[in-house]
Amino acid sequence: MSCIDEVTEILDLLYKHNWDERNGGNLSYILTEEEVNFICNPNNIIREFKYSFDMSELVGKYFIITGTGKYFKNCLKDPINNLGIMKVLDKNTLGLVWGYLDGGRPTSEAPTHLKCHIERLKQDKEHRLVIHCHPTNIICMTHVHDLDSNHFTEDLWKMQTESIVVFPEGIAVLPWILCGGEEIGIATADKMKEYRSVVWAQHGIFCTGKTLDEVFGLIETIEKAAEIYMKIFDKKIYQSITNEQLITLAKAFNLNYRKGIID
Ligand code: 13P
Ligand code: ZN
């Protein structure tokens, strides 16, 4: 299976889960040179894209990145117009080696993605993937819940037993900030020093990790917890998961969970 098959399969699933309406969401995935060789000649630079921030730490790496304005709905049937493979040529330049055939360019959130890759690679050498999407219940929660990251994490952990197991480091939450800009990119990457998942209030989520399965599973689990929250938060609650039960779970699964939330 080529990296394009793997990526478009996940983009299609994200669309079918209703988390990427219209052109909503974007993905960037680090590719090995062997994976790129399988698709195209990595030394044939078709076009260049300039950025004003410093991506020196990524020079020489290859990324597959969704195009701006492109619909996840269309990626599986038409990858070459909706996706691009790029090499980081120097600290300010991405060189296109495959894709964006109709003249497209990388997602408007590419600066945020690339800044997140820089931070996550410092935390985890095996890191490869950033997915941004618009899951309904996570967005709902940012309308009815306070935006304190610890409070948000605590409520998500307490919605279902699996939450703390899948995201023991918790979830960071940012207030509404203009998307596609410098400020939101810096703020998101800063949170990525400690978290794999960052919620953008009234917008969506950025999730990161090593593999397509891991990151898809992370989004699914957070969104499921948010769905449970939205179904019950205004109902009379008879019982819920306690702090003690979460700590018991953390011990049983040997979890390095974020401190200062339930203890
Ligand atoms: P792009 O079409 O530029 O990827 O933007 C979609 C999006 O979700 C913006 O946050
Ligand atoms: Zn978005």
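In listed order, ligands and their atoms are each counted from 1. Residues take their numbers from the sequence shown, with the count starting at 1.
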Which ligand 1 atoms are under 4.0 Å away from a heavy-atom of [X]?
X: His134; result: 8 (O)
X: Asn26; result: 1 (P), 4 (O), 5 (O), 6 (C), 7 (C), 8 (O)
X: Asn23; result: 1 (P), 2 (O), 5 (O), 6 (C)
X: Ser108; result: 1 (P), 3 (O), 5 (O)
X: Thr107; result: 1 (P), 3 (O), 4 (O)
X: His203; result: 10 (O)

Subject >> Whether Arg120 side chain and Leu129 backbone form a donor-acceptor pair below 3.5 Å >> reply: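 No; judged by distance alone, with no hydrogens or angles, the pair does not exist.
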**OP:** Using atom types as modelled and distance alone, determine if a side-chain donor or acceptor of Gln160 lies under 3.5 Å from a backbone N or O of Thr221.
**Re:**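 It does hold such a pair.
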Subject >> Residue and atom names of protein N/O/S atoms that fall under 2.8 Å from the Zn ion (ligand 2) >> reply: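 Near the Zn ion (ligand 2), the protein supplies His132 NE2, His134 NE2, His203 NE2.
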Original post:
Given a cutoff of under 4.5 Å between side-chain heavy atoms of I, L, V, M, F, W and Y, with clusters grown through shared members, what are the other residues clustered with Ile186?
Top reply: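 Result for Ile186 is none, singleton.
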Original post:
Linking Ile, Leu, Val, Met, Phe, Trp and Tyr by side-chain heavy atoms under 4.5 Å, what else ends up with Phe53?
Top reply: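 Cluster partners of Phe53: Ile30, Ile46, Phe49, Tyr51, Met55, Leu58, Val59, Phe63, Ile65, Met86, Val88, Leu94, Leu96, Tyr100, Leu114, Ile118, Leu121.
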**OP:** Using a strict cut-off of less than 4.0 Å between a Lys/Arg side-chain nitrogen and an Asp/Glu carboxylate oxygen, indicate whether Glu220 and Lys224 qualify as a salt bridge.
**Re:**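 Judged by the 4.0 Å cut-off on N to carboxylate O distance, Glu220 and Lys224 do not form a salt bridge.
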Original post:
Which one of His113, Lys70, Glu109, Arg22 has a non-hydrogen atom at the shortest distance from atom 9 (C) of ligand 1?
Top reply: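 Of the listed residues, Glu109 has the closest heavy atom.
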Original post:
Are any non-hydrogen side-chain atoms of Lys61 and His117 less than 4.5 angstrom apart?
Top reply: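 When only atoms from C-beta onward are counted, His117 and Lys61 do not touch, as no gap falls below 4.5 Å.
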Original post:
ligand 1 and Gly24, any nitrogen or oxygen pair closer than 3.5 angstrom?
Top reply: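 For ligand 1, there is no N or O atom that lies under 3.5 Å from one belonging to Gly24.
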Original post:
Excluding sequence neighbours, so at least two apart, what forms ring-ring contact (aromatic ring centres under 6.0 Å, His included) with His203?
Top reply: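 So His203 forms a ring-ring contact (aromatic ring centres under 6.0 Å, His included) with His132, His134, Trp200.
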